[in-house]
Amino acid sequence: MPQPFVMPDFYVPYPARLNTHVEAARTHTRDWARAMGMLEGSGVWETADLDAHDYALLCAYTHPDCDEDTLNLVTDWYTWVFFFDDHFLEVFKRTQDRDAGKEYLDRLPAFMPADPVTGMPEPTNPVEAGLADLWRRTVPAMSAGWRQRFAEATEALLYESLWELDNINEGRIANPLEYIEMRRKVGGAPWSAGLVEYAAGAEVPDRVARSRPLRVLRDSFSDAVHLRNDLFSYQREVEDEGENSNGVLVLEHFLGCSTQEAAEAVNDLLTSRVQQFENTALTEVPALAVQEGLTPLECAAIGAYTKGLQDWQSGGHEWHMRSSRYMNEGMADGTATGALGTGGLDIRTLLGGRPAQARRRSLTHTPHQPVGHLPLPDFELPYALTLSPHHREAKRRSEDWAQEMGLLDDIWDRPLMEGFDLALCSAGIDPDATLEELELSTLWLTWGTYADDYYPLVFGRTRDLAGARAQTARLRACLPVDDPASARKYAGNPLERALADVWARTAGAMGPEARGQLWTALDLMLESWMWELHNQAQHRVPDPVDYVEMRRSTFGSELTLLMGRLRAKDALPEALQLSGTVRALESAVADYGALINDLFSYQKEVEVEGELHNGVLVVEKFLDVDRDTAARLVHELMRGRLRQYEHLKRHEVPLMYAHFELGAEGRAAFEARLRELEDWLAAVLNWHLGVRRYGPGDVRSGAGSPLLRARTGGASPAPDWTVPRGLGTTAARAATAFAGVPS
């Protein structure tokens, strides 16, 4: 069968090395698979299949430095996971039997008890037998934190197989954002990252395991692994198995392009994720070590873990070129395009070609170029807007509050805030709120919008990361969880006073659990602003996946959506609110809303403010297209997220009701939650259409950018390196910025 596309030139910057114990692992895992019942008689594999797939070679390439016993165990894990994948395909995907597939999956977590001495059910098939054996052999050597993380990754890998099955049943192809998120779970690479910790003897310190830098290392590694697999497995999965879950097919469908062009685009995204991994490892991880005071041993463990992920990336590529499981004709012997083995690096992918061009585009954007006002699409939101009758009073109160807190004394003034009309957004988000509830909601939007303006203006222009970090620490101090009423005593400047005040008003009425969730949402937003400054200091347009995932926090989506979730808490089980279905609904809505903002704010941010964090600009740089093409693709991505939301409502929400056995009260509560999400979308769009912040006249007059309006009338100055920098100089910077400016 001819190949559907020519393999692209891969960016593989690390050499592949082979573990010397590969033959021992082959013999061991063949015996183990037979003992577990995975070979003759299983209906899935024969011995010849296992030998041809050569998972021992995969593990020997991906774990080149571990000893024989460790390599044997890791190889057994991979043999098990590939057998599971093929077994699920044969028994449930081909028959499209979702109910039986779910019953099968529901039993598997019982074979991964948190306490190794806990008993297990009697295995009834090779998948259960293999998992029980592997769990007993692995977890005694690892901490409780690792066991929990690895069990979560394993369960995600297993349960998201239902997502693939649902898409096959419906003939549905996912949108790119949905695909990346779900592929990360079902593809198993986060699970592989956990095995890297085991094989490298480099368990990540539990206190930073869920931090952004370690999360991005894992996720960018995972995405690159999966996208590489999609290129090699396209023919097998799409043409033979009828799979819909393949990145090449997803981009072929989304971009409306040829299979070859889609393959090149997938490889470009793969390259971007590897380069994101490199950037995180070299810039964010060292900063994390300093900020968290990691010990030398903890730093060494993270270093070994990072190296282990690099080894996996290169070794996995080498194995894909050699395994009979994939489309790789001519690659192992170097006769195919893009086929140079990673034992010797292809210097073209480091210094030239598409990978180098992509890196150069992300680092060489010229700010403040005239881009003009972006024509807006027809958003076609199907949700009606309802506004609270308390809108005007909440607006007046929020403006008085901002004046009292001092928010209108430096980067904002009263006329500017009146034009922003943040109460209009709150009035649409929560149209049934009391006046007091609406006022509080508007205060949160006021503080968040002010802070989002403040950070890039005060810290970004001078690249003052130390000052920003110190300010962020002071803001966190204004969020005492145990005694919210004490927040005000920690506040100094207007930004801190406003946060302390609205925190005390909100958190004081909450229970401890809800208060903790609110603190987490705020912490994510604070850290996302630091991420923006980190990119700004490098003058780096972000990787598209990293951008979208962080945009939910920079836009404040997580914070504003959380408020509605907390109100529904009593009527809905906590497990339901944390379920994959609910997270997917909220992510789809959050992405649509954030990208609305990117379309409206394009000229304000890119031309006037010299901003790097705008979805249209990110697409421009990633795909090397003009702004109109990029805007069209951003809008199409939004439409895909909206279709996904509606699909989840129609198909997955009823299944979720059945799974959690929700009665009439619970279903009514969740239907109300869905209406809140739709109110949120309608309100966000209505606010952007109605305020004086993003229109051509606002941008030209500088109204959309307060500091720039005050100093330059809309023309942004170059960074002023004479402005005071460092700890404790915020007031001096503000005074310098506004010296001589008429009030």
Side-chain angles (χ1 to χ4, degrees), residues 2-17 58 61-62 176 180 183 189 220-238 246-252 254-255 257-279 309-323 325-364 541 543-545 619-625:
Q3 293 191 173
F5 56 83
V6 176
M7 280 291 189
D9 289 328
F10 290 90
Y11 176 66
V12 189
Y14 319 113
R17 298 175 296 119
L58 166 66
Y61 269 126
T62 54
I180 289 291
R183 182 74 164 95
S220 57
F221 158 81
S222 300
D223 295 344
V225 167
H226 296 146
L227 292 167
R228 176 178 287 105
N229 179 264
D230 285 349
L231 287 161
F232 280 93
S233 65
Y234 177 89
Q235 189 169 42
R236 172 176 174 266
E237 292 181 344
V238 176
N246 182 285
V248 178
L249 182 65
V250 166
L251 288 190
E252 192 177 352
F254 176 74
L255 296 174
C257 63
S258 68
T259 306
Q260 183 67 52
E261 290 170 323
E264 295 286 357
V266 165
N267 190 49
D268 289 342
L269 188 55
L270 190 167
T271 298
S272 184
R273 297 307 280 155
V274 174
Q275 291 174 349
Q276 176 66 52
F277 178 96
E278 294 169 338
N279 186 273
L309 296 177
Q310 292 173 340
D311 287 336
W312 208 112
Q313 203 75 250
S314 297
H317 183 82
E318 194 77 16
W319 177 73
H320 274 83
M321 293 197 301
R322 298 173 185 277
S323 174
R325 191 177 176 93
Y326 301 112
M327 182 181 82
N328 51 20
E329 183 178 351
M331 297 197 74
D333 60 14
T335 60
T337 301
L340 185 67
T342 55
L345 296 183
D346 186 350
I347 199 69
R348 296 171 302 170
T349 67
L350 297 177
L351 303 179
R354 291 173 71 111
Q357 291 168 11
R359 194 195 298 270
R360 184 163 55 249
R361 286 197 303 273
S362 73
L363 294 170
T364 58
V541 177
D543 159 84
V545 176
V619 173
E620 283 183 70
K621 296 302 178 182
F622 173 65
L623 292 177
D624 196 18
V625 296

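Residue numbers start at 1 and run along the sequence shown.
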Worksheet entry | Residue list, side-chain contact (heavy atoms from CB on, under 4.5 Å) with E278, at least two apart or on another chain | Y11, P13, Y14, V274, Q275, R359

Response to the item:
The reported gap from CD in Q276 to CZ in F221 (rounded to nearest 0.5 angstrom) is 15.5 Å

Worksheet entry | Residues that D268 engages under side-chain contact (heavy atoms from CB on, under 4.5 Å), provided they are two or more places apart | R354, F622

Discussion item. Could you walk me through whether N229 and E237 satisfy the side-chain contact (heavy atoms from CB on, under 4.5 Å) test, starting with their C-alpha distance in whole Å, then the side-chain angles of each, then the deciding distance to 0.1 Å, before giving a yes or no?
Written reply: CA-CA 10 Å; N229 179 264; E237 292 181 344; 4.0 Å; yes

Worksheet item: Got a second to check how far M7's CE is from L231's CG, nearest 0.5 Å?
Response: 6.0 Å

Worksheet entry | Heavy-atom pair of closest approach, residues E261 and C257 | OE1-CB, 3.2 Å

Worksheet item: Counting only N and O atoms by type, is there a donor-acceptor contact under 3.5 Å from the side chain of E318 to the main-chain atoms of P15?
Response: no

Item to complete: Find the distance between CG (L251) and CG (N267) and round it off to the nearest 0.5 Å.
Response: 11.5 Å

Discussion item. Quick check for you: to the nearest 0.5 Å, what is the distance between R273 atom CZ and I180 atom CD1?
Written reply: 7.5 Å

Worksheet item: How long is the span from the CZ atom in R236 to the CE atom in M327, to the nearest 0.5 Å?
Response: 13.0 Å

Item to complete: Heavy atoms only: give me the nearest S314-A16 pair and the separation to one decimal.
Response: O-CB, 3.8 Å

Response to the item:
Sorted by chain and number, sequence neighbours left out, side-chain contact (heavy atoms from CB on, under 4.5 Å) with V238 holds for Y234, N246, L249

Worksheet item: Taking the side chain as C-beta and beyond, is there a heavy-atom pair between P4 and Q235 under 4.5 Å?
Response: yes

Item to complete: List the steps and the verdict of side-chain contact (heavy atoms from CB on, under 4.5 Å) for V12 and R228.
Response: CA-CA 11 Å; V12 189; R228 176 178 287 105; 4.1 Å; yes

Worksheet item: Where the side chain of T62 meets the backbone of L58, is there a donor-acceptor pair that is under 3.5 Å apart?
Response: yes

Discussion item. Y61: which residues meet the ring-ring contact (aromatic ring centres under 6.0 Å, His included) condition with it, sequence neighbours left out?
Written reply: none

Discussion item. As an exercise, state the distance from CZ of F10 to CG of L227, rounded to the nearest 0.5 Å.
Written reply: 10.5 Å

Discussion item. Just to verify, what does A358 make a side-chain contact (heavy atoms from CB on, under 4.5 Å) with, not counting sequence neighbours?
Written reply: R361

Worksheet item: Is it true that a side-chain atom of E264 and a backbone atom of P8 form a donor plus acceptor pair closer than 3.5 Å?
Response: no

Worksheet, complete the sentence: Sorted by chain and residue number, the ring-ring contact (aromatic ring centres under 6.0 Å, His included) partners of H320 (sequence neighbours excluded) come out as F232, Y326

Worksheet item: Shortest non-hydrogen contact from V6 to Q260?
Response: N-OE1, 2.7 Å

Practice prompt. Check the pair D230, R183 against side-chain contact (heavy atoms from CB on, under 4.5 Å), reporting the backbone distance first and the verdict last.
Written response: CA-CA 10 Å; D230 285 349; R183 182 74 164 95; 2.9 Å; yes

